[in-house]
Each structure stands twice: as C-alpha cells, then as structure tokens.
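Since this is a predicted model, take the numbers as computed values, not measurements. Numbering of residues begins at 1 and proceeds along the displayed sequence.
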Amino acid sequence: ANYDSLFFTDCEVSATTDMNATAISACVGGFIGYDSTNWELQFDGCTHSGVVKYSALASTATAKTTEAVRMGGFTGYRGGGITTHYKDCANTGSVILEGEQTAKGNGMHGYNLGGFFGRNAGNKLSFENCTNGELGSTTKGAVTAAGTPSSGITLGGIMGLTSHHFTATGCKNYGPIKQTGAGGASGTYRSSIGGILGAAPNDGTSTISITNCENYGNVAYGSVKPTNRVDVGGIMGTSSQKGTTTITGCKNGGKIEFN
C-alpha cells in the first residue's frame, strides 16, 4: 500500500536501543533508525526515555565503522519526505556513541547525534515546544560522543545536522552535550557542538530559523587536543550554509566548555 503520511501521537518508547557492530554505516533511533520515504512524518506528544547507543567494535583493523553514524532519541536519519514535524515531544533518554571510529563521510557528514534527530537530509523539518532533558537533571537528555573520527562530527540537544529547511520554536535543552574524542582530521572536517543545533550546511537555498529556544545544558569539547577546527555554541555550533540563518529571542544558560 502507498501512504502519504505517518503520524506518531502520544507514543512512548522507554526501551534501550544498543548496537555493538562492525558496519559500513549505522542509523540508530528510539522510534526510527533510517527513513528515506516521501511521507509526511509527524510526532505529536511523544516521549522517549530509553538509551540509544552505538558501540563500534575495534578489536581488529577492519572492525570499525567506515562511513557514517547518525543517532537520535527519536530518529537517526531521514533522507526523504515532504515535511517532518515534532510538536510537544520530550526526550529524557541518552544518545551515546563510543568506540574507535574511523568514519570517511565527507565534510560534517561523518557523525551526527541529536537529542531528537541525528541527521536530516530530507526537506522541511520543524520542532515546536519540544524538550530534551529535564530541569534539575545533569544526566537526562545527554548527547555524548567518544572516539577519534577522521571525518566531521556534529552534536546538538535537539538536532545534530540538518542540510535543508529547519525551524525550532519554543524548544528547550537541559541535557549535557559533549564530545570527548578528538575532532576531524583534515580539510573541512570539524566538530560542531550546539545546545539546540549542531550544524547546518546546505546548498544556499534553505532557511534556518531558531526562535524563543533556550539551552541550559553544558556544551563541551574535551578532553583530547583537537586535530582540527572545533565550533561550540550555546544555541548552534556551526552555520556554514549560504542561505539564511535567523536566531531570535533565544537564551543560553548553560556552560560553554573547551577542555
């Protein structure tokens, strides 16, 4: 059958999604790992409180991730679709990447982790009144990455990397966002770490809009000396796109740390 839309309403996921693998690429999410359909996708009033974890096995030279890892409390990766919309959703679970990675994805496309969404390569994406983490907690909603990738890495409390239209309105992050390994190796490879959005490179025609969003989680890079550029921001890590980026009425109450 053909479907025009896929809606999740008042759904809950509390299970642990834990992958220990040798893979060309990995897309891991509490609700959806990988999606390339042309459906309209919507989450309304949904919650995730489990753990999303990927561990790259590195016991031998070939037992390493060699392309890309995309992870999110809700969605790992989406490459299609007309629109994706999150409304009144909450993530109190953790998103964890560990192991010795040797990704070869170009630019920032190697490792993308977000409290809700790892990487969006589809069309319009919006978040409305969504919360990552929990007020008063320093562990819930944590997004952390270890290892030493040879490609770019992006981390965000809401979103890791978006390549197209992105809107976040009234969203909050309380979770700690941290990379503990070294940054990318060369060229445009870098670490981009943000309280709301990690990074937003695109083709120059898209718009990035972040309005009335707040970050209270610590945003940190450490403890290995970076091998290349590191961008750390309370709201957004890197804006390298040629389109329009607008940040309005936002607040950062978290620490920005570079160790």
K.L.:
Could you grab the distance from atom CZ of F7 to atom CD of Q42, nearest 0.5 Å is fine?
P.N.:
4.5 Å

K.L.:
SG of C171 to CD of E214: how many Å apart, nearest 0.5 Å?
P.N.:
10.5 Å

K.L.:
Is there a donor in the side chain of S192 and an acceptor in the side chain of T238, or the other way round, less than 3.5 Å apart?
P.N.:
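Note: S192 and T238 side chains meet the donor-acceptor criterion.
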
K.L.:
Would you compute the distance between atom CG of L161 and atom CG of L197 and round it to the nearest 0.5 angstrom?
P.N.:
8.0 Å

K.L.:
Donor-acceptor pair, distance only, cut-off 3.5 Å: does the side chain of T245 make one with the backbone of S209?
P.N.:
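Answer holds: no.
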
K.L.:
Anything under 30° is parallel, anything over 60° is perpendicular, the rest tilted; go ahead and classify F258 against Y221.
P.N.:
parallel

K.L.:
R78 and side-chain contact (heavy atoms from CB on, under 4.5 Å): which partner among L41, L125, T162?
P.N.:
L41

K.L.:
For the backbone of K255 and the side chain of N218, can you confirm whether one donor and one acceptor N or O come within less than 3.5 Å of each other?
P.N.:
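A pair under 3.5 Å: yes.
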
K.L.:
How would you list, by chain and number, every residue that makes a salt bridge (Lys or Arg N to Asp or Glu O under 4.0 Å) with K53, sequence neighbours excluded?
P.N.:
E98

K.L.:
Could you tell me how the ring of F127 sits relative to the ring of F166: parallel (under 30°), tilted (30 to 60°) or perpendicular (over 60°)?
P.N.:
tilted

K.L.:
Pairs under 3.5 angstrom only: tabulate donor-acceptor contacts from the side chains of residues 9-17 to other protein residues two or more places apart or in another chain.
P.N.:
none

K.L.:
Pair up each side-chain donor or acceptor in residues 43-51 with any protein partner under 3.5 Å, not counting sequence neighbours, and list the distances.
P.N.:
{"residue": "H48", "atom": "ND1", "partner": "N91", "partner atom": "OD1", "Å": "2.7"}

